[in-house]
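Data first, discussion second: the structure below is written as structure tokens.
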Amino acid sequence: MKSKLSSRIQTVEGSKTARFIPLLETLKRQGLPVISLAIGEPVFDTPVPVIDATKQALDRQETRYGDMAGLMALRIALAARFDGCGPENIVVCNGSKQALYTIFQSLCNPGDQVIIPVPCWVSFAEQVKLAGGEPVFVNTEDHQLDLKGIEAAVTAKTKAILINSPNNPTGAVYPRQDLERVARLAVDHDLVVIADEAYDFFVYDKLPYFSLYSLEVLRDRLIITRSFSKHYSMTGFRVGYAVAPPAVAAAMVRFQSHLTGNVCTFAQHGAVAAIGMDERLLARRREELQQKRDLAFDLVAAMFPCIRPQGAFYLFPDISAHLHRGETSADFAGRILEKTGVAIVPGDDFGMDGHVRICFAAPDDQLREAFKRIREVL
Ligand code: GLU
């Protein structure tokens, strides 16, 4: 049957982060003392108000089909966060992963190019390819945008620039002036900007978060994706959303109506409760993550060169000095997993070899134990 698979699916690789979920379950079942710093998931429980609202929605039999664009109450609540937006600007999707997939399907004609700064999240390029588009990678400099490089990469085929800040896998937060330059570039060359803001809530050191939505000049060409997964520790609920000009949002809903239909109805009721939550609990969680960042950064920086991340929950150290002859970052991560039981993601998976991604949203004792084991092996 393999010969029957489409050439499209044969050129696409499975998610290199999501593959850790079954792999680590298998290793744990075998009784191995595994510590996962691989998958990007907050350490916290889903907040009680979210769980309660979801249970209550189930008790009320909120278990039927719903509006393909998302629950009206949820879209109204989300739109209120974006000046000038109404529910017609919001599309609720199965996580921001599906929002991004749907965006590329809705934007790309065959051969259209999407500029992606690297290193970058594992699904961007594959999703662009699945839409018939061509990812065009531009290196970053010390994890910050190379604006000249981005401008030089623009061609007649460029459809969009993808910006992910705070960044996965580096934790870099891009400063306002750089985002303003991206906006100018997009306006000058008539490009769409796609802003993956899944980690918007996780910015540390009292740094103000600057969303591209703040730039009015960009709004008619800007599509933002955000997620409940990280902000509210709801990864398994699969609720994310896009904020887009109405024509784009309507196209996405048309596409989604043939793909998933609505997002799980009772999960969306949980999301409505999440938006209504006392933000102080969430702010305390962010402070806790900042402490974890400090703990993990000190442990990592004692072993490898590493740029201190100001957002998200990843460290992206340069491990090249520890590579054996001919070894790649994938070999290195494999060696660490085999010898220590600590799972980390090779930088190669994000388009930058010689590095690894380490998720620090883990219990402190596990962080200490993981780095102790890694230090011993090195
Ligand atoms: N976004 C998270 C990560 O990068 C979750 C897994 C995935 O969907 O890629 O680890």
Side-chain angles (χ1 to χ4, degrees), residues 12-25 34-44 46 93-104 116-130 135 140 143 162-173 194-203 224-242 260 263-264 267 289 292-293 296 309 311-317 329-330 333 336-337 342-352 355-362 366-367 370:
V12 168
E13 300 195 43
S15 166
K16 293 194 174 151
T17 44
R19 80 189 155 100
F20 277 96
I21 298 167
L23 171 68
L24 296 176
E25 267 170 20
V34 170
I35 299 178
S36 174
L37 307 183
I39 196 82
E41 187 161 45
V43 60
F44 310 110
T46 304
C93 302
N94 284 276
S96 55
K97 183 183 276 194
Q98 190 229 317
L100 286 157
Y101 181 85
T102 302
I103 289 165
F104 296 126
I116 307 176
V118 279
C120 65
W121 181 49
V122 295
S123 288
F124 293 149
E126 302 310 297
Q127 291 189 341
V128 170
K129 286 195 276 175
L130 279 165
T140 46
H143 303 337
L162 195 153
I163 299 294
N164 172 214
S165 173
N167 184 267
N168 177 4
T170 64
V173 177
I194 302 166
D196 172 0
E197 298 186 345
Y199 297 90
D200 66 317
F201 186 68
F202 298 102
V203 177
I224 289 179
T225 59
R226 288 197 187 169
S227 166
F228 284 81
S229 298
K230 323 283 181 191
H231 190 150
Y232 300 101
S233 300
M234 291 168 63
T235 48
F237 279 64
R238 310 311 301 134
V239 188
Y241 59 98
T260 56
V263 171
C264 172
L289 273 175
K292 288 182 186 302
R293 189 272 318 257
F313 27 72
Y314 307 110
L315 298 163
F316 199 64
S329 59
I336 295 293
L337 180 60
V342 178
I344 51 181
V345 189
D348 199 23
D349 294 351
F350 305 95
M352 192 182 244
H355 292 70
V356 290
R357 189 189 78 173
I358 298 173
C359 174
F360 59 76
Q366 286 194 16
L367 287 172

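All values below come from the heavy atoms of this structure, side chains included, with hydrogens, waters and symmetry mates left out. Both ligands and their constituent atoms are indexed starting at 1 by order of listing.
Ring pair His355/Phe316 is parallel by interplanar angle, where below 30° counts as parallel and above 60° as perpendicular. Phe201 and His231 have parallel rings, their planes meeting at less than 30° on a 0 to 90° scale where 60° marks the start of perpendicular.
The one candidate from Asp349, Thr17, Leu315, Ile344 that meets the side-chain contact (heavy atoms from CB on, under 4.5 Å) condition with Arg357 is Thr17.
Remark: aromatic rings of Phe124 and Phe104 are distant, center separation not under 6.0 Å.
Counting only residues at least two apart or in different chains, salt bridge (Lys or Arg N to Asp or Glu O under 4.0 Å) contacts with residues 229-238 are absent.
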Filter the ligand 1-protein atom pairs down to N or O on both sides and distance under 3.5 Å, then list them.
residue: ligand 1; atom: 1 (N); partner: Lys230; partner atom: NZ; Å: 3.3
residue: ligand 1; atom: 4 (O); partner: Trp121; partner atom: NE1; Å: 3.3
residue: ligand 1; atom: 4 (O); partner: Asn168; partner atom: ND2; Å: 3.0
residue: ligand 1; atom: 4 (O); partner: Arg357; partner atom: NH1; Å: 2.9
residue: ligand 1; atom: 8 (O); partner: Lys97; partner atom: NZ; Å: 2.9
residue: ligand 1; atom: 9 (O); partner: Thr17; partner atom: OG1; Å: 2.5
residue: ligand 1; atom: 9 (O); partner: Trp121; partner atom: NE1; Å: 2.9
residue: ligand 1; atom: 10 (O); partner: Gly40; partner atom: N; Å: 2.8
residue: ligand 1; atom: 10 (O); partner: Arg357; partner atom: NH2; Å: 2.8

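Here Arg19 contributes atom CZ and Glu13 contributes atom CD; the two are 10.0 Å apart, rounded to the nearest 0.5 Å.
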